[in-house]
Amino acid sequence: MQQRIMVLTGAGMSAESGIKTFRDNDGLWNNYRVEEVATPEAWAANMEIVLEFYNQRRKQLLECSPNPAHFALVQLEDKYDVRIITQNVDDLHERAGSSNVLHLHGELKKVRSTADPQLVFELDGWELKAGDTCPKGSQLRPHIVWFGEAVPNITVASEIAATADILIVIGTSMQVYPAAGLVHYAPHESTKYYIDPAAADNSMLAKLTVIREKAGKAVPELVEILLS
Ligand code: OAD
């Protein structure tokens with residue numbers, strides 16, 4: 001039977017595709033912290049700002065392409081049962097060709113009804129406007145998990161983590177839960193790697209092999225080793 005690899009990715013995975021991470025540099029957007037626009041409270045208080053934040057990110061995504069790290073993960077499927085669990089809302093894993101991608105924090109290209117969370121749609125183009133409604137007549141919102149909202153896919157993600165033979169964590173500051181807690185579900189005997197140029201030095205890392213390099217270089221190198 002194929003060994004199972006779980007890959008947990010964060011914003012650093014897409015950094016070399018030109019998508020800004022959340023907490024590097026000033027981490028601000030128009031002087032707002034992400035925690036100030038990615039919340040249900042922000043949506044209730046100032047829908048236009050929230051729409052604009054995601055419209056800009058969606059527009060930028062159209063100009064970005066997968067980088068060598070995304071493509072390297074696709075190659076792993078030649079030998080392994082690969083499950084990608086991403087905190088990213090971009091579609092770069094899918095565009096690179098990965099078959100099994102689970103989005104923990106939603107998907108930028110999708111929108112959903114504010115009246116019925118089951119009504120999810122692909123957005124044509126990049127712009128969602130105030131007044132754009134679902135067939136039930138309710139405003140559409142970004143299909144994003146905001147701070148303070150439940151993470152519906154965390155249960156299936158933890159089940160995948162619990163069955164992983166190999167865990168590869170890429171480009172995440174591991175500051176946002178419950179995603180960051182997924183590493184603790186991986187079996188004790190599994191092999192664990194953490195690729196991040198600024199990987200924090202804390203006790204959790206003791207159980208991970210830390211590779212302090214950019215994903216675009218380190219992921220293809222690790223994939224080559226795992227395939228050899
Ligand atoms: P962060 O911005 O917190 O962390 C990005 C990580 O990527 C940092 O640890 C960087 O060192 C690393 N990094 C930067 N460039 C890299 C490169 N070229 N290769 C590899 N790593 C690199 O982003 P996340 O951990 O993904 O949630 O943030 C988690 C969640 O917080 C996001 O999904 C988002 C955010 O608020 C929501 O929007 C709900």
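Order of listing sets the numbers, starting from 1, for every ligand and every atom in it. Nothing here was measured: the structure is a model prediction, and the numbers come from that model.
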Among E94, K110, H143, which residue meets the side chain to side chain donor-acceptor pair (under 3.5 Å) test with H103?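 It is E94, the one option of E94, K110, H143 that forms the side chain to side chain donor-acceptor pair (under 3.5 Å) with H103.
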Using the six-membered ring of W126, assess whether NZ or CZ of R57 lies under 6.0 Å from its centre and within 45 degrees of the ring axis.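 Judged by the rule, R57 and W126 form no cation-pi pair.
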Between the protein and ligand 1, which nitrogen or oxygen pairs come in under 3.5 Å, and how far apart is each?
| from | atom 1 | to | atom 2 | distance (Å) |
| --- | --- | --- | --- | --- |
| ligand 1 | 2 (O) | F22 | N | 2.7 |
| ligand 1 | 2 (O) | R23 | N | 2.8 |
| ligand 1 | 3 (O) | R23 | NH1 | 2.7 |
| ligand 1 | 3 (O) | S173 | OG | 2.5 |
| ligand 1 | 4 (O) | S173 | N | 3.3 |
| ligand 1 | 7 (O) | G12 | N | 3.4 |
| ligand 1 | 7 (O) | G171 | O | 3.3 |
| ligand 1 | 9 (O) | D196 | OD1 | 3.3 |
| ligand 1 | 9 (O) | D196 | OD2 | 2.7 |
| ligand 1 | 11 (O) | D196 | OD1 | 2.6 |
| ligand 1 | 18 (N) | E16 | OE2 | 2.8 |
| ligand 1 | 19 (N) | G12 | O | 3.4 |
| ligand 1 | 19 (N) | A215 | N | 2.8 |
| ligand 1 | 25 (O) | T172 | OG1 | 2.7 |
| ligand 1 | 25 (O) | S173 | N | 2.9 |
| ligand 1 | 25 (O) | S173 | OG | 3.4 |
| ligand 1 | 26 (O) | A11 | N | 2.8 |
| ligand 1 | 27 (O) | H105 | ND1 | 3.4 |
| ligand 1 | 28 (O) | R23 | NH1 | 3.1 |
| ligand 1 | 31 (O) | R23 | NH1 | 3.1 |
| ligand 1 | 31 (O) | R23 | NH2 | 3.3 |
| ligand 1 | 33 (O) | Q87 | O | 3.1 |
| ligand 1 | 33 (O) | H105 | ND1 | 2.7 |

Under the ring-ring contact (aromatic ring centres under 6.0 Å, His included) rule, collect the residues that match up with H70, sequence neighbours excluded.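 H70 satisfies ring-ring contact (aromatic ring centres under 6.0 Å, His included) with H93 only.
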Nearest 0.5 Å, what's the OG1-CE distance between T21 and M13?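 It is 14.5 Å, given to the nearest 0.5 Å.
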Side-chain donor-acceptor pairs under 3.5 Å in residues 72-80, sequence neighbours left out?
| from | atom 1 | to | atom 2 | distance (Å) |
| --- | --- | --- | --- | --- |
| E77 | OE1 | S99 | OG | 2.6 |
| E77 | OE2 | S99 | N | 2.9 |
| E77 | OE2 | S99 | OG | 3.4 |
| K79 | NZ | L226 | O | 3.2 |
| Y80 | OH | L226 | O | 2.6 |

Tell me every residue that passes salt bridge (Lys or Arg N to Asp or Glu O under 4.0 Å) with D132, counting only those two or more places apart in sequence or in another chain.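 With neighbours one apart ignored, the set is empty.
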